[in-house]
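Written below as structure tokens is the structure these notes are about.
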2 protein chains.
Amino acid sequence: MGVIMACNHEQLTQLIEQKQLRATEARCRILELLYDTREHYTPEEMLEALREHGKPFSIATLYQNLSKLAEVGLISRFVGPDGQTRYDANTAPHHHLVCKICGRMIDVDVEGPLEEVRPRALFADEEPVLPEWKVDDIHIELQGVCPDCQARISREAGGA
Amino acid sequence: MGVIMACNHEQLTQLIEQKQLRATEARCRILELLYDTREHYTPEEMLEALREHGKPFSIATLYQNLSKLAEVGLISRFVGPDGQTRYDANTAPHHHLVCKICGRMIDVDVEGPLEEVRPRALFADEEPVLPEWKVDDIHIELQGVCPDCQARISREAGGA
DNA sequence: ATCATTGCAAACTGTTTGCATCAAG
DNA sequence: CTTGATGCAAACAGTTTGCAATGAT
């Protein structure tokens, strides 16, 4: 579970039915898009991508299915630093690398001594509060500029 | 700048006027709330807090001022993992400790070898992509359970 | 045949905007 | 007095929901 890989139609059907859901065309198309591209789509972006493929797609059906699929754990939902809700097919714990320019986001693992990273109160008078928090999870968001935006920027700088 | 401390009215006025803005009552009340409490309020929560203090407060004025104050750098805006927009008075770079139960969020610094934390592609076929990202920022979100929720949970467990 | 799913339209929530009034400088 | 700020109401964007029609088992 949580391992992403491009799937054929039968595999998708199986995944969905394992969750006691009907393997409808809408659900297959959504899962296929997320599994194949590994992108972190906003609902709006997904709608565009799904419609480009030819067939129409109802926005209500999209939202209904994104909720249901996230609920049963076939996809995961989160909110990016830009405030946009996004979905991806990677339900295993992971970290994110985010482009500050376009908001694009890819999954990464991190290497390094994470266990040694510890919180510390920022203000003297909060010192006693911190130890009482039970901290059991860490999510790292690396920020930078993606290859595409770097290219676009240097192209525009060169042209201007 | 970016250092939080409780301020008196004159100091607030000065801070605001340094940014070429008029030090109106609405702005002072907003800044005072954020600076005094250090909480990470949603607009809705702020509205409630501001109105409890007695006087009414227009929701349009709140939003208008939150935008403006964030724009000039007197406060900072961000979106929590629960998707709620929040504001705080700490404009210096910092990390967050978030309660998984109630969503409460406090600022923390972290200790540990952060420089050694490096991204690594999750999928073999993405390996060549990663090095082309320019990574220059890291934001760490520690998740756990705040003291209040811990207390409430053990109280409920004991009572049930 | 049965019951989940679809998809339109209407409802809802959080946020922004137009604009007349008001108040800070 | 001048210009920016306020605050109502209307507009808006993203998301959810009611419900009749449709489709999967």
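Chain letters run A, B, ... following the sequence lines, proteins first, then strands; residues in each count from 1. Worth saying up front: this structure is predicted, and the values here are computed from it rather than measured. Hydrogens, waters and symmetry mates are skipped; everything else that's a heavy atom, side chains included, is used.
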Between [X] ([atom1]) and [N] ([atom2]), how many Å, whole number?
X	N	atom1	atom2	value
Phe57(B)	dG7(D)	CZ	P	7 Å
Gln20(A)	dA24(D)	CD	P	19 Å
Ile59(A)	dG14(D)	CD1	C1'	8 Å
Leu47(B)	dT13(C)	CG	P	15 Å
His9(A)	dA24(D)	NE2	C1'	14 Å
Arg77(B)	dT16(C)	CZ	C1'	11 Å
Arg27(B)	dG4(D)	CZ	P	11 Å
Gln84(B)	dG14(C)	CD	C1'	10 Å

Between [X] and [N], does any side-chain N or O lie under 4.0 Å from OP1 or OP2?
X	N	value
Asn65(A)	dT5(C)	no
Thr42(B)	dG14(C)	no
Tyr63(B)	dT16(C)	no

From C-beta outward on [X], which listed nucleotide comes closest to its side chain: [options]?
X	options	answer
Lys68(B)	dT16(D), dA5(D), dT16(C)	dA5(D)
Ala26(B)	dT16(D), dT6(D), dC8(D)	dT6(D)
Glu44(A)	dG14(D), dA9(D), dT6(C)	dG14(D)

>> Set out, in order, the CA-CA distance, both residues' side-chain angles and the distance that settles side chain to side chain donor-acceptor pair (under 3.5 Å) for Asn90(B) and His40(B), then state yes or no.
In response: CA-CA 9 Å; Asn90(B) 187 356; His40(B) 294 57; over 6 Å; no
> Around atom NZ of Lys100(A), are there more than 12 heavy atoms of other residues, nucleotides or ligands at under 6.0 Å?
Replying inline: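 Yes, the 6.0 Å shell around NZ holds more than 12 heavy atoms from other groups.
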Atom pairs, N/O to N/O, protein against nucleotides 23-25 of chain C, distance under 3.5 Å?
from: dA24(C); atom 1: N3; to: Arg22(B); atom 2: NH1; distance (Å): 3.4
from: dG25(C); atom 1: OP1; to: Glu17(B); atom 2: OE2; distance (Å): 2.7

>> Check the orientation of His96(B) and Phe78(B). Use parallel for under 30°, tilted for 30 to 60°, and perpendicular for over 60°.
In response: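 Tilted: the ring planes of His96(B) and Phe78(B) meet at 30° to 60°.
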>> Could you check whether any side-chain N or O of Glu52(B) sits under 3.5 Å from a backbone N or O of Ala49(B), counting only pairs where one atom can act as donor and the other as acceptor?
In response: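 Checking the backbone N and O of Ala49(B) against the side chain of Glu52(B), no donor-acceptor pair under 3.5 Å is found.
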> Is the backbone of Phe57(B) close enough, under 3.5 Å, to the side chain of Arg51(B) for a donor and an acceptor to pair up by distance?
Replying inline: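 Yes, Arg51(B) side chain to Phe57(B) backbone: donor-acceptor pair under 3.5 Å.
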>> Let's go through Arg86(B) and Glu45(B) carefully: what are the C-alpha distance in whole Å and the side-chain angles of both, what is the deciding distance for salt bridge (charged side-chain N to carboxylate O under 4.0 Å, His left out) to 0.1 Å, and is it a yes or a no?
In response: CA-CA 9 Å; Arg86(B) 293 175 182 271; Glu45(B) 289 167 349; 3.6 Å; yes
> Do the side chains of Val79(B) and Val98(B) join up, straight or via other hydrophobic residues, at under 4.5 Å, putting them in one cluster?
Replying inline: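 No, separate clusters.
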